[in-house]
Q: 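This is the structure, below, for whatever I ask next.
Worth saying up front: this structure is predicted, and the values here are computed from it rather than measured.
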Amino acid sequence: MSVSYWKQFLPLASRYNKMEKNNTFAQSSTISQISGGIYGTVGNRTLLERKVQTKRRGDKAEDSKTDNIQINTDTRTRKIEELKLCPSAEICWYFTDSWEQFRINGKVDIIDALNPDPQKLQFVGGGGGSDRDGDGETVAKAMQRENSWFASSWRSRSQYLWPNPGLPCLNEKAEPEISLDPSTGPIDAFCLLVLEPNQVDYLNLKSNQRLTFKSSVTVAAKKSWTVERINP
């Protein structure tokens, strides 16, 4: 199947659990690297899911459909360094009302300030030649990041101006005073994580149903999914 069957469960679970404020939070695991390619401990944290993409930006064809999940985060956090060393990650989503769990494993793409201003990139190559020169994807990523920034609340955006997370606290105030123009585009500390799933483990504890979904790439370079029912 070209369209991921598992993704049909997500909006259903979200609607069923809409009264629960925590239904947009998921746990994410990454792997740290010690040295010489030797991997160390597993890091886990709670993230706020922002969007499940339905298709790549600017594409209308059926083949452009995607299963990617977008998450906003701070480039100064430890998980960014971990993902640069090992882009594999897994998120675990649990919906408390419907007793449903999604474990989504895949590779993460980091879209940060190194992706140039999309307004400037539109003029690269002139006459629509940017796509042919390979800049089309860069423009799309920069626009994804910018759109995700402005879709966030002012309070969420202002947190990226706080002191470096994880470092000793030198200010007794819980929230520092921040001055941020609402029209200002994404700052350097803001980045977008895009998880491309390659395996999903779905568990429904009410019906005791468990399904695993695995993706593969066909000869025609298209992503395809298979599903198998397994013991819970």
Q: Just wondering, do Val200 and Arg103 contact through their side chains at under 4.5 Å, heavy atoms?
A: no
Q: Show your working on side chain to side chain contact (heavy atoms under 4.5 Å, CB included) between Ile187 and Leu161 and close with a plain yes or no.
A: CA-CA 8 Å; Ile187 63 174; Leu161 290 172; 3.5 Å; yes
Q: Any heavy-atom pair between the side chains of Lys79 and Thr73 that's under 4.5 Å?
A: yes
Q: What are the two closest heavy atoms between Leu192 and Ser148, and how far apart are they?
A: CD1-OG, 3.6 Å
Q: Sequence neighbours excluded, which residues qualify as side-chain hydrogen bond (donor to acceptor under 3.5 Å, both in side chains) partners of Asn105?
A: Glu90
Q: Can Val227 and Thr212 be said to form a side chain to side chain contact (heavy atoms under 4.5 Å, CB included), step by step?
A: CA-CA 6 Å; Val227 58; Thr212 58; over 6 Å; no
Q: Please name all residues satisfying side chain to side chain contact (heavy atoms under 4.5 Å, CB included) with Asn164, sequence neighbours left out, ordered by chain then number.
A: Arg76, Leu167
Q: Give me the other members of the hydrophobic cluster that Trp99 sits in, counting Ile, Leu, Val, Met, Phe, Trp and Tyr linked by side-chain heavy atoms under 4.5 Å, directly or via other members.
A: Tyr94, Leu203, Leu205
Q: The criterion is side chain to side chain contact (heavy atoms under 4.5 Å, CB included); which residues satisfy it with Leu170, sequence neighbours excluded?
A: none
Q: Regarding Thr30 and Arg78, do their side chains bring together a donor and an acceptor under 3.5 Å, going by distance alone?
A: no
Q: Provide the closest heavy-atom pair for Ser28 versus Ile91 in the form atom of the first, atom of the second, distance.
A: CB-CG2, 3.9 Å
Q: Yes or no on side chain to side chain contact (heavy atoms under 4.5 Å, CB included) for Cys191 and Ile80, after CA distance, side-chain angles and deciding distance?
A: CA-CA 9 Å; Cys191 78; Ile80 297 300; 3.8 Å; yes
Q: As an exercise, state the distance from CE of Met143 to OG1 of Thr138, rounded to the nearest 0.5 Å.
A: 13.0 Å
Q: Checking Arg155 now: which residues fulfil salt bridge (charged side-chain N to carboxylate O under 4.0 Å, His left out) with it, not counting sequence neighbours?
A: Glu175
Q: Taking the side chain as everything from C-beta on, heavy atoms only, tell me whether Phe213 gets closer than 4.5 Å to Pro197.
A: no
Q: Can you list the residues that meet the salt bridge (charged side-chain N to carboxylate O under 4.0 Å, His left out) rule with Asp109, with sequence neighbours excluded?
A: Lys141
Q: Nearest 0.5 angstrom please: Ile230 CD1 to Gln209 CD, how far?
A: 11.0 Å
Q: Are Asn72 and Ser152 close enough that a side-chain donor and a side-chain acceptor fall under 3.5 Å?
A: yes
Q: Considering non-hydrogen atoms only, spot the tightest contact between Pro182 and Arg157 and give its length.
A: O-NH1, 3.0 Å
Q: Side-chain contact, heavy-atom cut-off 4.5 Å: Val217 with Ser224?
A: no
Q: Just by distance, do the side chain of Asn204 and the backbone of Glu100 share a donor-acceptor pair under 3.5 Å?
A: no
Q: Check whether the side chains of Asn198 and Ser215 place a donor and an acceptor atom closer than 3.5 Å, and report yes or no.
A: no
Q: Rounded to the nearest 0.5 Å, what's the gap from CG on Leu47 to CH2 on Trp93? Could you check?
A: 10.5 Å
Q: Under a 3.5 Å cutoff, is there a donor and acceptor pairing between the side chains of Trp225 and Asp67?
A: yes
Q: Going by the rule side chain to side chain contact (heavy atoms under 4.5 Å, CB included), which residues pair with Asp181 if we only count those two or more places apart in sequence or in a different chain?
A: Ser183, Thr184
Q: Does any pair with a residue in residues 182-207 pass ring pair (Phe, Tyr, Trp, His ring centres under 6.0 Å), and if so which ones, sequence neighbours excluded?
A: Phe9-Tyr202, Phe102-Tyr202, Trp149-Phe190, Tyr160-Phe190
Q: State which residues pass side-chain hydrogen bond (donor to acceptor under 3.5 Å, both in side chains) with Gln27; sequence neighbours excluded, sorted by chain then number.
A: Thr46
Q: Hey, does Leu83 have a side-chain heavy atom less than 4.5 Å from the side chain of Ile110?
A: yes
Q: Taking only residues two or more places apart in sequence, or in another chain, which ones meet Asn231 in a side-chain hydrogen bond (donor to acceptor under 3.5 Å, both in side chains)?
A: none
Q: Roughly how far, to the nearest 0.5 Å, is NZ of Lys214 from CD of Gln199?
A: 5.0 Å
Q: With sequence neighbours left out, what residues match Leu12 under side chain to side chain contact (heavy atoms under 4.5 Å, CB included)?
A: Arg15
Q: Using side-chain heavy atoms (C-beta onward) and a distance below 4.5 Å, is Arg210 in contact with Arg229?
A: no
Q: Are Asp112 and Arg145 ion-paired here, with the side-chain N under 4.0 Å from a carboxylate O?
A: no
Q: Side chain to side chain contact (heavy atoms under 4.5 Å, CB included) for Ile69 and Val194? Distances and angles first, verdict last.
A: CA-CA 6 Å; Ile69 296 172; Val194 180; over 6 Å; no
Q: Not counting sequence neighbours, which residues clear side-chain hydrogen bond (donor to acceptor under 3.5 Å, both in side chains) with Asn44? List them please.
A: Ser29
Q: Between Trp154 (side chain only) and Leu180 (backbone N and O only), is there a donor and an acceptor less than 3.5 Å apart?
A: yes
Q: Is Asn208 reaching over with its side chain to a backbone N or O of Pro232, donor-acceptor style, under 3.5 angstrom?
A: no
Q: Calculate, to the nearest 0.5 Å, the distance between atoms CD and OG1 belonging to Gln101 and Thr96 respectively.
A: 12.5 Å
Q: Examine distances only and state if a side-chain atom of Thr218 and a backbone atom of Lys222 form a donor-acceptor pair shorter than 3.5 Å.
A: yes
